[in-house]
Every structure is written in structure tokens, then in C-alpha cells.
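Some notes on the structure that comes next.
Each chain gets a letter, A, B and so on, in the order its sequence line appears, and its residues count up from 1.
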2 protein chains.
Amino acid sequence: MPKSAPAVLPSPAETVACCSPLTAEPLDAATADRIAPLLKALADPVRLRLVSLVASHEDGEACVCDLNDAFELSQPTISHHLKVLHQVGLLERSKRGVWVYYRVSTTALADVASLLGGVAR
Amino acid sequence: MPKSAPAVLPSPAETVACCSPLTAEPLDAATADRIAPLLKALADPVRLRLVSLVASHEDGEACVCDLNDAFELSQPTISHHLKVLHQVGLLERSKRGVWVYYRVSTTALADVASLLGGVAR
DNA sequence: CCGAGACATCGACGGATGTGAAGATAGACG
DNA sequence: CGTCTATCTTCACATCCGTCGATGTCTCGG
């Protein structure tokens, strides 16, 4: 069956966009449960560097082969981390030919920042 | 031996204040290792709510007894989460009489936000 | 059609982490 | 001094998570 109807399950990245800053009012348990995975995805040294690498890469995107070379980790491990970041909506995937390119969802990143910082948006 | 010389080990919160935004340039491994614990501390639903509760509490501070009542968790568990947040520099402790009050380090929170969002600072 | 290369998935292992029960500490109050 | 209350620490346990080797899938070139 075609993926024309993607069944719209909201990613954590979409959840965080709806919330007032942490410091404004107490966070209810349900919302916290939905936001935590997004921060958890960022709370790993390797994934932090992956996001940073992709973001600062030429044209704002990088293919997996580039990323693999930047770490002394196995290819499945990098693939795993990319999957985590993609699942929460922080990285976007696009396959071109044999290569897979990732780019950072700047809105998702900005939403997390505003949740913590309480500025912008 | 007295603890008069605290041996000044910089908290993760101090580390993050020194860095350009994630998206500006690739993060080196050592810096990522120092930032990750800060995000890891935030990447838990209970701790997210704790920070939010403290921040939005009257006078910007709350005592442990208030926080305990807001969760259906044992008191040691709450104490543990508070310790984690305190160790990375996100919460400040002050003991007054029998009670311990916590308040959020707004600068630490803002630094994390600017690291992700790339604005301010 | 077949081999090679680029990524993804699976299964397993070891270490980190959230949680609670029990005990320790420290101040307040009689 | 003894007790009560607020908080922290220790210990044990179950679960989660990062990592890798092996294997699967897809695409391109011959």
C-alpha cells in the first residue's frame, strides 16, 4: 500500500512546539512524557556531534558515509544514532541514489531551545 | 578532612556557556562529552517537571516537601532526581532550618537553550 | 543476472539508570 | 537527652541503552 496517507502520528518534535517555556508554568506529566524523548535523543555525545556535523556541513546536509568517517564507531552504531534522531524529528532523511542524506530540522531544534530558554517563537 | 577547599571542578553547566551553537561548527568529542550530561539530566520526565515546578513556583524556589507531594514517587527517588539536577548545575540548593530549597539556575538553562537555538548570549 | 557498495535491521552483551526499602544524619522541640 | 520530622545515602533490582558482529535490502555497473 502506498505511503500517501502517512497516518499522522505526531513526532516529539511536533509536541514540543506547542508548549510554553518550562519556567512559565508547571509541566503536566503527559506533556513531560512526550518531550523527554526529544531531549533524550540529544543527550548523547555521539548524537550531539552528529547533529552538529550535519548542521554545519556544506549545504546543511551530510550523507551517512561522511558521518561514519567522523567517528571511530561501527557503521551500525552510527546508523542507530541517526535513526534515533530521525524518529524524534530532529533529522530529516532523503535518499538519492545509493546515498542517504540527513539534514537538521531547524524548527525542531529551535522549538526545544525556546522550551528551555523561554525566548523567541 | 575539612571540605574547605572544594577543588573547583567545573560543572557541566559552566562548560556549556563557553560554546558556540550546535549549528555553527562541528562539536569536538571532548566538548560533546561534557555537554551531554547536562542534557541527560533534563531528558527525564520527572526531572523536566521538577525543573518546571521549581521555576514556576512562588519566589522561584521550592522546598523538597512541596515537590514530593507533586509526584507519586518515593521521597528518595525525588531526592535522587534533585541531586542529579543539582550536580550538573541546573538547580541550586539552599538549606534553611530543616528545609531544603531548590531554585533553577536560569543562566544554565539559558545557556543550554542558546547552544541548541543559536540565538541570544 | 550478478557482484559490489551503501545503509538498515537483528540479536546479544555489558554498563548505565530509575526506582524503592531500609537506614543514616541533622536540626527542632520538649 | 530523647523524639519527631525533613532530607539524604546506601543497597539491591529491573529495565533501558550504547555498542558491535552478522545479516538483510536496495541500487548501480558490468
Next on the checklist: If you assign A/Asp66 and B/Ala43 each to the DNA chain C nucleotide with the nearest heavy atom, which residue ends up on the more 5' nucleotide?
Outcome noted: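 The answer here is A/Asp66.
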Checklist entry - In a check of side-chain contact (heavy atoms from CB on, under 4.5 Å) between B/Ser52 and each of A/Leu115, A/Leu22, A/Asp28, which one passes? => result A/Leu22
Checklist entry - In terms of hydrophobic clustering (I, L, V, M, F, W, Y; side-chain heavy atoms under 4.5 Å; direct or indirect links), are A/Leu39 and B/Val84 co-clustered? => result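 Each belongs to a different hydrophobic cluster.
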Listed nucleotide nearest any side-chain atom of [X], set [options]:
{"X": "B/Val64", "options": "D/dT7, C/dG5, C/dG20", "result": "D/dT7"}
{"X": "A/Pro76", "options": "C/dA28, D/dT9, D/dG21", "result": "D/dG21"}
{"X": "B/Thr77", "options": "D/dT27, C/dG20, D/dT5", "result": "C/dG20"}
{"X": "B/Arg47", "options": "D/dC8, C/dA26, C/dG18", "result": "C/dG18"}

Let me know the distance between [atom1] of [X] and [atom2] of [N], rounded to the nearest Å.
{"X": "A/His86", "N": "C/dC7", "atom1": "NE2", "atom2": "C1'", "result": "13 Å"}
{"X": "A/Trp99", "N": "C/dC7", "atom1": "CH2", "atom2": "P", "result": "8 Å"}
{"X": "B/Lys95", "N": "C/dG27", "atom1": "NZ", "atom2": "C1'", "result": "7 Å"}
{"X": "A/Gln87", "N": "D/dG18", "atom1": "CD", "atom2": "P", "result": "12 Å"}
{"X": "B/Leu50", "N": "D/dT7", "atom1": "CG", "atom2": "P", "result": "13 Å"}
{"X": "B/Asp69", "N": "D/dT5", "atom1": "CG", "atom2": "P", "result": "15 Å"}
{"X": "B/Leu82", "N": "D/dT7", "atom1": "CG", "atom2": "C1'", "result": "10 Å"}
{"X": "B/Asn68", "N": "D/dC8", "atom1": "CG", "atom2": "P", "result": "9 Å"}

Does the [X] side chain pair with the main chain of [Y], one donor and one acceptor, at a distance under 3.5 Å?
{"X": "A/Thr31", "Y": "A/Leu27", "result": "no"}
{"X": "A/Arg47", "Y": "A/Lys40", "result": "yes"}
{"X": "A/His86", "Y": "A/Glu92", "result": "no"}

Report which part of the nucleic acid [X] touches: base, sugar-phosphate, or nothing (heavy-atom distance under 4.0 Å, all strands).
{"X": "A/Leu73", "result": "sugar-phosphate"}
{"X": "A/Asp44", "result": "sugar-phosphate"}
{"X": "B/Tyr102", "result": "sugar-phosphate"}
{"X": "A/His81", "result": "sugar-phosphate"}
{"X": "B/Arg93", "result": "sugar-phosphate"}

Next on the checklist: What I want to check is whether an N or O donor and acceptor connect the side chain of A/Gln75 with the base of C/dA6 at under 3.5 Å.
Outcome noted: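 Counting by modelled atom types and ignoring angles, no donor-acceptor contact under 3.5 Å is found here.
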Item to check | Side-chain N,O (B/Lys83) to OP1/OP2 (D/dT9) below 4.0 Å | outcome: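 Indeed, a polar side-chain atom of B/Lys83 lies that close.
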Checklist outcome for this item: Contacts of A/Gly97 and A/Val46 projected onto DNA chain D by closest heavy atom; the upstream (5') one is A/Val46
Item to check | Verdict with reasoning, A/Glu61 to A/Arg96, per salt bridge (charged side-chain N to carboxylate O under 4.0 Å, His left out) | outcome: CA-CA 12 Å; A/Glu61 65 179 9; A/Arg96 292 202 294 276; 2.6 Å; yes
